[in-house]
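Notes to accompany the following structure.
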Amino acid sequence: MRGSSDGVLAVGTVLVSRVNTGEMEEGNMDHITADVQQAQKCTLVCESSQGTPNDKDNSPLTGAVFKNPVCKVYKFQTVDSKWMLVREQMEECTLSFSIPRQLLHLYIQEDMRRIQELRDLGELSPHWDNLRKEVIGRYGQVIAAYQETLAELNKITGPSFKPSCSKAQRYLEFIPINLHTQRMRVTCPRQTDAFYDVITVGAPAAHFQGFKGGGLQRLLSRHEAEKKSFSTAYQCIYYSPEHTAKAQEVLHSVGHLQPLISGLADQLLQAAQQHSMAGLREALKTLAGKTEQFVHALKDELVKSALLALHAAQPGYVTKNQNQTLPGHQGHSHQDHQSPSQRGQQGQSPPQNPGHSPGQPSATDSPVVVCNNVDGGSQTAPIREDGQAPLKRQDSIPCHKEYDEEEWDRVWADVAKSLNCVIAMVDKLQEQEPINNNQEQPIPKQVLADVITSHNPEGDWREQLCPLVVRLKECVAEVVVRARRAMTFVLLQEAACSIPQGLFLKQRRDVVFSQALAALACGFVMRLYAGMEDKGFLRQLHLVGLVAQFESLLSTYSEEIGMLEDMEVGISDLHRVAFKITQAKTDDPCDLQPVVIGRRDHYTVEVPLPRLVFQTLPHEIKEGKALQVYPVLFNVGINEQQTIADRFGDISLQERINQRNFEILDSYYKSLSDKVPSECLPCFQTQTDLKDLLGTLGQNVVTKKRKNVEILWLAGTICRRLNGIRFTSCKSAKDRTSMSVTLEQCALLRDEHQLNKDYFIRALDCMRREGCRIENVQKNIKCRKYAFNMLQLMAFPKIYRPPEGTYGKVDS
C-alpha cells in the first residue's frame, strides 16, 4: 500500500445490480456493483441468497474448522475499462473455543503434576514443609478456578466466536475476542484468480483482570525486580527466569527420555532374543544416542547445587565438612545458622561460577553441625573430649548421613558406565558370531572384561545382555528420581518467593497466551489449507517455517497501553509453539480438529489432514517434522488517545516493540534467503525487491513520526511477499480493524489488479458501508454502526475514516 492513497478525494455513484457469479456459498451473500455515475451511496438489491459450497473457499476440509460464512460480491472497473469481480468472505473459526478448552485441560494437568512432584520431595524441615503446603494450596486454587472455567466453557453452544461486548466476562477470558477469518478473492480478465487472507482478532489481553497496574510486560518486569526481596523474606535462593526455565527443561527432558530409553532397551533385548545382529546394532545405536542425550541434559551445575539445597532442607541435614565445631562455640539461632538453601545469598542472584552454584555452602562457613529440627531451629551439639561434635538424635527425625557433594557425579556417571557395559557385551557377542561380513565392528578400547567374562559366551544372547540392560534402566531410574526432586525443589523455591503475585501473573499469562494461540492456530490452518497445492510454500514450511505478522492499532495511552503490554508478551510467547501435520483417523470433521499437546514452556499443535491429502505432502512433513512459526508484532496507534500519547505521553513501548520485531522479521528473511530459493515465494505485480522493502521498514521504525501507518502497510506487504500469515487487531477487532482491513483490500486491488484510481475511495466506502466488516459489527453489537464519533474521527488519518452514516455512539 502506498501513501498516495490519502490524496484520492473523488466520490461517486454506485449502481447496484444482481451479479451472476456462478459460485454461491452457504450463508449470506450480497451482490454489489460499482459504476461510474455520480452518487453518494451503495445499496443492496439482494439481501441474502442460499447456495451450495462448490469452490475452494468452502471445501469439506475448510468446513471442519471454519463456519458460518458471510459473503459479499462486488464488481469494480479496472484502468483498462474492464471489470473485476471481487468477493469477500468472512467466517468464524471453531478454534476460538476448542484451543482454549484444550489449553485449560493441559494447564490443569500440568499443575496437578507439579503438586504431586512437590509431595514426592519427601520429608522436609518445618520451614520448607510450610512453604510447600502454601504453594500446593495456591496451585489448588488455580486448578479449581480453571476447572470451573472449563466446565462453563463446555456448556457453551452456538456461534464460534466471542463478541466484543463479552470481552470482560470471567468464564470467557481465555477465548479470543471476535476471531474471524476474511478472504478476498479477485477474478480479473486474462488473469488467474488471486486471493488474500487476513485473520482479525481482538488484542490478546486479560480484560477481565483489568489494566490498573499495567499489562504483562510491565507487571513481569516489576515482579522480577521484587523477587529478590521476596526470596529474603521467605529464606529462599533467588533463581532467575533462566534458572527456572532450565529446571523445567530438565524435568521435561528426563520425563521424556526415560520411557524412550526403557523402550529402546527392551527392543535391544528383543533383537538379542531373535539372534539378529543387525537388529541388535540398530537398536544399540538408537539407545546410545538417547542415553547420551539424557546424560547431556543432566550435565548442569544447577542440578548438582539443587540437590545439595534439597538435602539441606531435610531434617537432620549435615554436610561432609560440617563434622567439627570450634571449642567453646556457642549455640546460634535459626536466623544465625540457616541451611545453605535458606541462606540463599540473602536475596542475591545465584553465583554464575560453575564451581559454586545456587545453594552450595562456602568452604569458609563456620564448621558448625547444622541440624534441621522439628521446631525449625538449629542446635549445636556438646563437644566431646576428642573434639568431635556428636549429632543430636530425635526419635521423630531420621538421622541423615553426611551429604557427599560428589555423589551426584558418581550416580550420573553410572549411566554412561552401564551403557558402556552394554556396548561392550554387544561387541563381544558379535565376536562370537561366525564372520559372515566383510567387516567386523572394532572392539572399544574400554572393554569391561570383568563384566563380559562373567557371562557364558556360548549362552543365549538375551541371557547375557539382560543383567546389563536391567542395570542401565536402574541407573537411569535412579538419576531421574534425584534430578526430578532437585528441579522440583528449584521450582518450589521460585514459587514460594513469588506468592501470591507470581501465580497471579501466571494466570494472566495463561489467559493471554490462550487467546494468542487460538488466533495463531486459526491462521496457520487457513494458510496451510490455502497452500496445499503450492510446492514452493510447502518447501518453505518445512525448511524454515512461516512468519506470523500481527498488526495492532492500539494506542499507547490509558488502558490500551496495558492491553498492548499484554499483547506483546502473548505474541512473544508464541515462539514456544510448533506445528505438526498428522494423518487424520477418518475424514469426519471431528477428526480434523487441531490438537494441542505439551506444557507451558513448549506446545505443539497437531493439524490432522485427510489421508489422501496427507499423502501429497513432502516426506519431511509426513515424517512429523516440527514446523516453526515466527511471530512478529507491529503497532501504530491511530485514534484520539494516540494523539494525546504523541503530544503529552510516552510512546517508547510502541517504538521498542516495532524496532525489536523488525529485527526478528529481518533475521527471518535472511534465514529464508539462505535456505529457500526465491521462486518458492509468491509473485506480485509490484516488483519492489523484498530487501528494499525491509530497508524502508527499518528506516520507518526508527523515524520519529506521529501515527506512522506506513509501518503497518510495509509490514503487511512484506508478510504477504514472504508467504506469511496476516493478523489485524485493535481492542475488539471491530472498528479500527475494519478500517484497516478494507484499506488493505482496496490497496491490493489498486496495486495488484489495476483498480481504476478514480474508484479507489468509492470501492473503499462501498466495502465499509455494505461489506463483510459492517456485518461483523452487526454480529458483535446488534447494530450496523462503527463505534466512532466525529471528534474521534478528526484525530484519525483520513484514509482510516468510515463513510458518513456508518458510525455513531454505540455500546461496543
Side-chain angles (χ1 to χ4, degrees), residues 26-28 62-70 90-111 142-182 199-210 507-526 566 570 588-597 603 605-608 729 731-734 775-783 811-812:
E26 183 179 4
N28 295 328
T62 61
V65 178
F66 305 112
K67 304 286 186 183
N68 302 328
V70 174
M90 179 181 70
E91 293 181 286
E92 300 166 13
C93 182
T94 60
L95 304 184
S96 287
F97 283 84
S98 71
I99 294 292
R101 285 191 187 108
Q102 293 180 65
L103 275 178
L104 276 166
H105 183 68
L106 292 173
Y107 291 156
I108 292 167
Q109 283 187 324
E110 184 176 344
D111 289 346
V142 173
I143 290 170
Y146 284 5
Q147 288 173 331
E148 185 180 357
T149 299
L150 184 58
E152 291 297 322
L153 289 180
N154 288 333
K155 297 176 184 177
I156 294 176
T157 57
S160 299
F161 82 105
K162 180 174 82 172
S164 62
C165 56
S166 301
K167 67 171 69 74
Q169 286 190 15
R170 176 190 167 193
Y171 293 127
L172 296 178
E173 65 176 339
F174 288 87
I175 311 300
I177 301 166
N178 192 20
L179 175 62
H180 282 80
T181 65
Q182 184 151 330
I199 292 84
T200 59
V201 62
H207 292 274
F208 171 74
Q209 298 179 26
Q507 286 179 270
R508 188 181 188 101
R509 201 166 187 170
D510 286 349
V511 166
V512 175
F513 178 76
S514 173
Q515 297 176 28
L517 181 59
L520 179 66
C522 170
F524 182 89
V525 171
M526 189 181 196
D566 272 357
D588 186 275
C590 293
D591 290 329
L592 296 175
Q593 294 293 318
V595 176
V596 185
I597 58 174
Y603 288 104
V605 181
E606 296 182 345
V607 182
S729 296
K731 181 166 68 174
S732 61
K734 177 173 59 66
E775 299 295 340
N776 182 270
V777 174
Q778 172 72 29
K779 288 177 70 172
N780 276 272
I781 61 173
K782 310 303 180 187
C783 175
D811 293 330
S812 59

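Closest non-hydrogen pair, Leu95 versus Ala518, comes out as O-CB, 3.7 Å. Between Val511 and Glu173 the shortest heavy-atom distance is CG1-O, 3.1 Å. Closest of all the heavy-atom pairs between Pro608 and Pro594 is CD-CA, 3.9 Å. For Phe174 against Ser514, the heavy-atom pair with the smallest separation is O-OG, 2.8 Å. Scanning all heavy atoms of the two residues, the minimum distance from Ala733 to Asn178 falls at O-ND2, 3.0 Å. Annotation for Ile175 and Ser96: closest pair CG2-O, 3.4 Å, computed over non-hydrogen atoms.
Under the side-chain hydrogen bond (donor to acceptor under 3.5 Å, both in side chains) criterion, Thr149 pairs with no residue, sequence neighbours left out. Scored by the side chain to side chain contact (heavy atoms under 4.5 Å, CB included) test, Ala205 finds His207, Phe211, Met563, Asp566 as partners (sequence neighbours excluded). Judged as a side-chain hydrogen bond (donor to acceptor under 3.5 Å, both in side chains), and not counting sequence neighbours, Asp588 has no contacts. Pro163 is linked by a side chain to side chain contact (heavy atoms under 4.5 Å, CB included) to Phe161, Cys165, Ser166, Asn780, counting only residues two or more places apart in sequence or in another chain. Residues meeting the ring-ring contact (aromatic ring centres under 6.0 Å, His included) test with Phe524, sequence neighbours left out: Phe579. Taking the side-chain hydrogen bond (donor to acceptor under 3.5 Å, both in side chains) definition, one finds that Lys779 meets it with Glu92, His180, sequence neighbours left out. Applying the side chain to side chain contact (heavy atoms under 4.5 Å, CB included) test to Glu110 and every residue at least two apart in sequence or in another chain returns Arg113, Arg599, Arg600, Tyr603. Glu152 is linked by a side-chain hydrogen bond (donor to acceptor under 3.5 Å, both in side chains) to Lys155, counting only residues two or more places apart in sequence or in another chain. In this view, Arg101 satisfies the salt bridge (Lys or Arg N to Asp or Glu O under 4.0 Å) rule with no residue, not counting sequence neighbours. Listed by chain and residue number, Glu88, Met90, Val198, Val741, Gln745, Cys772, Arg773 satisfy the side chain to side chain contact (heavy atoms under 4.5 Å, CB included) test with Gln182 (two or more places apart in sequence, or in another chain).
Side-chain contact check for Cys93 versus Val65: some heavy-atom pair is nearer than 4.5 Å. Put simply, the side chain of Ile156 reaches to within 4.5 Å of the side chain of Leu172, judged on heavy atoms. You'll find the side chain of Pro176 reaches within 4.5 Å of the side chain of Pro100, heavy atoms only. Under the 4.5 Å side-chain criterion, counting only non-hydrogen atoms from C-beta, Val70 is not in contact with Asn776.
Within the structure, every pair that satisfies the ring pair (Phe, Tyr, Trp, His ring centres under 6.0 Å) test and touches residues 90-110, not counting sequence neighbours, is listed here: Tyr107-Tyr146.
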Side chain to side chain contact (heavy atoms under 4.5 Å, CB included) between Val525 and Val607, intermediate numbers included: CA-CA 7 Å; Val525 171; Val607 182; 4.2 Å; yes
Criterion side chain to side chain contact (heavy atoms under 4.5 Å, CB included) on Ile597 and Leu106, from CA distance to verdict: CA-CA 8 Å; Ile597 58 174; Leu106 292 173; 5.6 Å; no
Verdict with reasoning, Val142 to Asp510, per side chain to side chain contact (heavy atoms under 4.5 Å, CB included): CA-CA 11 Å; Val142 173; Asp510 286 349; 5.6 Å; no
Side chain to side chain contact (heavy atoms under 4.5 Å, CB included) between Cys522 and Phe66, worked out: CA-CA 9 Å; Cys522 170; Phe66 305 112; 3.9 Å; yes
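Remark: Leu179 CG to Lys162 NZ distance equals 11.0 Å, nearest 0.5 Å. If you take CD1 on Ile143 and CG on Leu104, they are separated by 12.0 Å, rounding to the nearest 0.5 Å. With values rounded to the nearest 0.5 angstrom, Gln102 atom CD is found 10.5 Å from Leu150 atom CG. For the atom pair CG (Leu103) and CD (Gln515), the distance works out to 11.5 Å, reported to the nearest 0.5 Å. Expressed to the nearest 0.5 Å, how far CD of Gln593 lies from OG1 of Thr94 amounts to 4.0 Å. Note: Ser164 OG to Lys734 NZ = 5.0 Å, rounded to the nearest 0.5 Å.
Judged purely by atom type and a 3.5 angstrom limit, Ser732 has no side-chain atom pairing as donor or acceptor with the backbone of Gly202. Under a 3.5 Å cut-off, the side chain of Lys67 and the backbone N or O of Gly63 do form a donor-acceptor pair.
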